[in-house]
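Report on the following structure.
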Amino acid sequence: MKVSVVIPNLNSPLIDVVLQSLHQQQTPPCEIIVVGRDDQQRIRNYPLVRFIETPKSVSAAVARNWGANAAYGDIVYFIDADCLAYPQCLHQHVQAHLQGEVVVGGGVAIHDRHYWHLCDNLAVFAPFLTSQPRGERPYLPSLNLSVRRILFLDLGGFDERFFGASGEDADLSFRLRQRGYRLFFEPSAAIEHRHHRLTIGDVWRHLSSFGRSYASIYPKYPELTGRYRRTDLAGGRPGFLRTIAPLLAVIDCMERWFQYPELRACPHILPGILWSRLAWYDGMANGMRP
């Protein structure tokens, strides 16, 4: 199977390091397509790399779609411009596809112990840590995702109405499930996520954007998201959701404490996770507005 790598890039200071990690893969890709802006000219003459420069900044969803449309591999593998692929990452993705999977998400490894960096990663990607068991998932994030290219194009790619980097992967996941496809998680297909959200404000804005996006996603797929959701307790009232958000955030943190050993290994991170969940519910409340 040929693998086309697609990377949305908006002047990432790590894009050259990301490309180096992709050139060290046990199973090399047939091509690497970078889409977006590279004003610092960090993308040099790496083998297999095609740079599609956009006339202006575009969202990650748009950049990924452009890259997938330009690709020729059997599989399109999406990785973000702040993620370093472990040497066996692509190999594990390909092996899962050879075993019959059509949509595969990989694991997220965390090594940086900067407080807010860790909070953001654990708040968003705890279900996809490399310590989690392989198997089916209700959705998969797009920072480490492979899809059969024909299927991706037939589905219409990512919804380009999502701006920034939040929500389009959950929406794609639900559309895939609507068609009856299984979303498979393979933790050994690992990347290290080196984002640059290092302040309390960065984390609030990031999680709030997720919550705001999900407020528009969940009503579209009631049969997949379930009839009961904690946010339903607010009855569509943003003000009431903000009132009960602290209680909901505490419940979320308790669940994560028992489910993920990474949290129990660093209990000092709990206040940051609580803050992250409050931001998520605040974003949900903002997204409820007409």
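The shown structure was predicted, so the numbers you read here are calculated from the model rather than taken from an experiment.
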If you round to the nearest 0.5 Å, how far is [atom2] of [Y] from [atom1] of [X]?
X	Y	atom1	atom2	answer
Phe51	Ile15	CZ	CD1	9.0 Å
Ile191	Leu84	CD1	CG	8.5 Å
Asp82	Glu192	CG	CD	10.5 Å
Leu248	Leu278	CG	CG	9.5 Å
Tyr281	Thr243	OH	OG1	14.0 Å
Cys30	Tyr72	SG	OH	4.0 Å

Has [X] got more than 12 heavy atoms of other residues, nucleotides or ligands less than 6.0 Å from its [atom1]?
X	atom1	value
Met254	CE	no
Arg161	CZ	no
Glu136	CD	yes
Lys220	NZ	yes

What verdict does the side-chain contact (heavy atoms from CB on, under 4.5 Å) test give for Val94 and His91, after you've listed the backbone C-alpha separation in whole Å, the side-chain angles of each residue and the deciding distance to 0.1 Å? CA-CA 5 Å; Val94 170; His91 177 76; 5.8 Å; no
Does a salt bridge link [X] with [Y], judged by any charged N lying under 4.0 Å from a carboxylate O?
X	Y	value
Asp169	Arg64	no
Asp120	Arg205	no
Asp74	Arg148	no

What pair of heavy atoms forms the shortest contact from [X] to [Y], and how long is it?
X	Y	answer
Leu118	Cys266	CD2-SG, 4.1 Å
Pro138	Leu183	O-CD1, 3.5 Å
Ala71	Arg149	O-NH1, 3.6 Å
Leu274	Ala249	CD1-CB, 3.5 Å
His196	Pro13	NE2-CG, 3.8 Å
Gly272	Cys119	CA-SG, 3.4 Å

Worked check of side-chain contact (heavy atoms from CB on, under 4.5 Å) between Val3 and His93: CA-CA 9 Å; Val3 181; His93 273 277; over 6 Å; no
Validation row: [X], [Y] side chains within 4.5 angstrom (heavy atoms):
X	Y	value
Tyr221	Ser173	no
Ile7	Leu22	yes
Leu155	Arg179	yes
Asp202	His195	no
Arg256	Cys253	no
Ser131	Tyr260	no
Val5	Leu90	yes
Asp171	Phe162	yes

Treating [X] as the side-chain partner and [Y] as the backbone partner, does any N or O pair qualify as donor plus acceptor under 3.5 Å?
X	Y	value
Gln25	Tyr86	yes
Arg137	Gly105	no
Asn144	Gly107	yes
Asp154	Ile150	no
Asp39	Asn11	no
Asp38	Ile43	yes
Asp80	Cys83	no

Within the 3.5 Å criterion, strictly below it, is a donor on [X] or [Y] matched to an acceptor on the partner's side chain?
X	Y	answer
Arg197	Asn121	no
Tyr46	Asp16	no
Glu186	Ser188	yes

Go through the steps to decide whether Ile217 and Phe174 satisfy the test side-chain contact (heavy atoms from CB on, under 4.5 Å), and finish with yes or no. CA-CA 9 Å; Ile217 292 172; Phe174 290 137; 3.7 Å; yes
Grouping I, L, V, M, F, W and Y whenever their side-chain heavy atoms are under 4.5 Å apart, do [X] and [Y] come out in a common cluster?
X	Y	result
Tyr77	Val49	yes
Leu263	Trp280	yes
Leu247	Leu241	no
Ile269	Leu198	no
Val104	Leu98	no

Parallel, tilted or perpendicular, as decided by the 30° and 60° cut-offs, for the rings of [Y] and [X]:
X	Y	result
Phe185	Phe128	perpendicular
Tyr214	Tyr139	perpendicular
Trp116	Trp275	perpendicular

Please enumerate all residues that pass side chain to side chain contact (heavy atoms under 4.5 Å, CB included) together with Gln88, with sequence neighbours excluded.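 So Gln88 forms a side chain to side chain contact (heavy atoms under 4.5 Å, CB included) with Gln26, Gln92.
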Check the pair Ser59, Phe158 against side-chain contact (heavy atoms from CB on, under 4.5 Å), reporting the backbone distance first and the verdict last. CA-CA 11 Å; Ser59 69; Phe158 290 100; over 6 Å; no
With Phe125, which residues qualify under ring-ring contact (aromatic ring centres under 6.0 Å, His included), at least two apart? His193
